[in-house]
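See below for the structure under consideration.
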Amino acid sequence: MNTNKTTMSEYKIGHTTYVVKTTFNSAFCESLLDILKRLIIRESEKFLGESGQKSEKQAV
């Protein structure tokens with residue numbers, strides 16, 4: 001049985017208010033930690049590619 005739980009959060013940054021809708025699906029196999037790791041790695045690789053430096057010489 002799939003049980004989805006949705007929450008709404010409101011964040012104010014400067015003069016902008018962001019409303020974030022989060023949905024949790026208990027049947028989903030990938031954890032939030034796994035998703036965040038994947039996104040950080042992808043963005044780091046993109047950044048390193050744009051800087052023109054090799055990853056082993058780049059400070060993170």
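- The existence of a salt bridge linking E43 and K46 is confirmed by a sub-4.0 Å separation between a basic side-chain nitrogen and an acidic carboxylate oxygen.
- The structure places CD1 of I35 at 12.0 Å from CD1 of I40, a figure rounded to the nearest 0.5 Å.
- Residues satisfying the side chain to side chain contact (heavy atoms under 4.5 Å, CB included) test with I13, not counting sequence neighbours, are Y18.
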